[in-house]
2 protein chains.
Amino acid sequence: MAAKLKNELHESSNLAGSKLAGASNSIQVNFNSLPAEENPPERISIRDVAKQAGVSIATVSMVLNQNPRISRPTHARVQRVIDSMGYRPNRLAQSLSSRYTQVLAVMLPPLRHAFADAYFGEILSGISDRAGKLGHKLLIEQAKPQYIKEGKHIELYERRFVDGLLCLGFNEKHAFLSDLRQYPMILVDNRFGDGVLDYVHCDYRMGAKQAMNCLLQLGHRNIGMIYAAPESPTARDVLEVYTTELRHAGIEPKESWLADGCFTDEGGAAAAELLTHRDKDITAFLCGNDKMALGAIRYLVEHGHKVPQDISVVGFDDIQHLAYANPSLTTVHLPLYELGVAACERLVSRIRGKVDHVADVLPTHLVLRESTSIVRTR
Amino acid sequence: MAAKLKNELHESSNLAGSKLAGASNSIQVNFNSLPAEENPPERISIRDVAKQAGVSIATVSMVLNQNPRISRPTHARVQRVIDSMGYRPNRLAQSLSSRYTQVLAVMLPPLRHAFADAYFGEILSGISDRAGKLGHKLLIEQAKPQYIKEGKHIELYERRFVDGLLCLGFNEKHAFLSDLRQYPMILVDNRFGDGVLDYVHCDYRMGAKQAMNCLLQLGHRNIGMIYAAPESPTARDVLEVYTTELRHAGIEPKESWLADGCFTDEGGAAAAELLTHRDKDITAFLCGNDKMALGAIRYLVEHGHKVPQDISVVGFDDIQHLAYANPSLTTVHLPLYELGVAACERLVSRIRGKVDHVADVLPTHLVLRESTSIVRTR
DNA sequence: CTACATTGTTAAACTGATTAAACAGTTAAC
DNA sequence: GTTAACTGTTTAATCAGTTTAACAATGTAG
């Protein structure tokens, strides 16, 4: 109810203006108008094709589905009729009958800007591309509290909206996920309940290890960590590796080196402020994602710390346009597009019964750019 | 084929690591397991409900659809059976029979990062929210060249995937749009062929007028324009108002004040470079969107121009986090969320036959922030 | 020359709903 | 006291496909 539209009021006046503009310099467009196009487009069904081709509807159906029991000549003849009539099978009827919808759903978390997010967007790109190639359509849903309360996520399957579901941006705090255990579903870029749910995620441990190795080799010993969502297993992976690698280097991690940045730009800035005030000797930040890293850098630069001369910053995700940032961000590259591709691929395999459990981890690597350097000497 | 997955290789080793992590600190989760959940979930149909309630399936159907011809007591009795059995009507069957799918498609342009775009994301948010409230699902499609060539956009209707379509980010160069003329479709934030297609867009003329008035009142007379997509009617609206308002103020616009920024950050930077070199006297830029404005500012700041002291910059869109930019960006606020809401709303009205033509324009306004100031005196 | 596969096609059942028309059972009108 | 109108429910057709089992026609083996 947030949006109150008063457009009717403006319509007439603006329309006059727009008409003018359109008339003055609109580009020529080819309208291939048909003679009787305002009539109902007269849907043709499999029966029409069968009649026209002089075969039964079963035969047409089998031609459509490339059934090998149909002979070459019959197939060719029917196919020709199909093409000439421009027949396109009704997907609803196909799905009802075959029990497969060829539709997948993507579930996004109830964040305000979930649709405009670089992280989700990149995964979605991969999902969308692969779904298209596999002949599947994509439904997008957002798991708002009310939505879950009403059981809409279960209806997705029960009412046969989709064959399977990909969940992005959820973690073990999202209990509704376990409702979906019995259906084809893949948790993307996380795990759940020690592997009860199928998943595909990036190798956060590998990335964290490389990031820490890099910072330690550059001589950093007081390394802060801006984390987020400790209820997320993959986020915990990073925290654990951070701790382990510090100890491995003979450094005892301090509680005061940790701050929650909520995965947001502003959160990253706030965390950077907190950490720099808590410990003046911190010379590097490991950040749970790029947005927090960028926020941290913004805070640092605005408050007289030079990046990377005074403080090095490492991110996670490798979202777009990072190379254009100033300084450009050293970060752990997550293969998000490939993650989307893999998740989609695996989900379809699960739906088709080709696999019965999915648990894939995709390799990650550190991308060195300008936001890291050798530790400052005081 | 860009993604080559080598995850199988990594799976075993990483899995070992992740299992360890999961076991060590996983959060307790409540698995409300049913006794016989591995069996096929045993779908119940309208027939089962009818039998159980001792009525015909027609009666159940009419209860489902709130048909007033069903008496109070019968309705109550059947509804109770429906609830107790947990019956959920099969949407495929409903759609096949009723000829409405209750699904809308959103078509995005074939840009690499269309799914991670702040502009599209905001509109999508509005569409998604309203579609949910109206009981409609959302399909997302990307109009890649191959997709259009194969006529998939027409299949969307012909094969009954959807009832209607919302097209985001297209303009008059995209000829395939005219294929959809005969179906319920709304062009979002643009016009096409002088109004042949239904549309809802923001009032770019109003926004441009306010931006130009602001710059002129601040004393700017040499105002450059970083535009994009001149084949887009709404983009032309801005160009026209820019020209008109300059003339109105007694200034003859120069060709050398115009540069195409391609709607991108990098394009904006390149355009700023071009314009500053072509005319040293330029003191302000009007930019076709925020991304280009941000790119322009980045270029200016990196090359010794102070913003806004030397050069003022105005954007268009008012995307998120602009207030956090440095300097924060003065821009024309487009009601993108509301635009999505309105487009969705109108599309459903069109599908239901409540309106037969849609041509709405939503008001815009200038948001003054730090990237504009009174003209520099030399 | 029957018996038996094999091959290609089809009739008919099925998917799970909606809806127009028919049909009883009441009530109101003339 | 019939006729007409109204209620509430059901019968049966329909939406547009898939799929199983049956069938005819042909080829092959015994």
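In the text below, chain A, chain B and the rest are named by the order of the sequence lines, each starting its count at 1.
- Sequence order on DNA chain D of the closest nucleotides to A:Leu64 and B:Thr74 puts B:Thr74 first from the 5' end.
- For the pair B:Pro110 and B:Lys144, the tightest heavy-atom approach, listed with the atom from each and the gap, is CB-CA, 3.9 Å.
- At a threshold of 4.0 angstrom between heavy atoms, the contacts of A:Ser45 are confined to the sugar-phosphate backbone, with no base atom among them.
- Taking 4.0 angstrom as the limit, B:Ser97 places none of its side-chain polar atoms (N or O) nearer than this to OP1 or OP2 of D:dT14.
- Aromatic ring centres of B:Phe176 and B:Phe170 lie closer together than 6.0 Å.
- Contacts of B:Ile70 with the nucleic acid, taken as non-hydrogen atoms under 4.0 Å apart, involve only primed sugar atoms and P, OP1 or OP2.
- The structure places CG of B:Leu64 at 6.0 Å from CD1 of B:Ile46, a figure rounded to the nearest 0.5 Å.
- As judged by a 4.0 angstrom heavy-atom cut-off over every strand, B:Val60 is placed among residues making no nucleic acid contact.
- B:Tyr100 comes within 4.0 angstrom of no nucleic acid atom, judged by non-hydrogen atoms across all strands.
- A:Ser71 has a side-chain polar atom (N or O) that falls below the 4.0 Å cut-off from OP1 or OP2 of C:dT9.
- Note on A:Arg47: a base of the nucleic acid sits closer than 4.0 angstrom, heavy atoms only.
- Taking side-chain N and O atoms only, B:Arg159 has no distance below 4.0 Å to OP1 or OP2 of D:dG17.
- Across the interface with DNA chain D, nearest-nucleotide mapping of B:Met62 and B:Arg160 shows B:Met62 to be the residue nearer the 5′ end.
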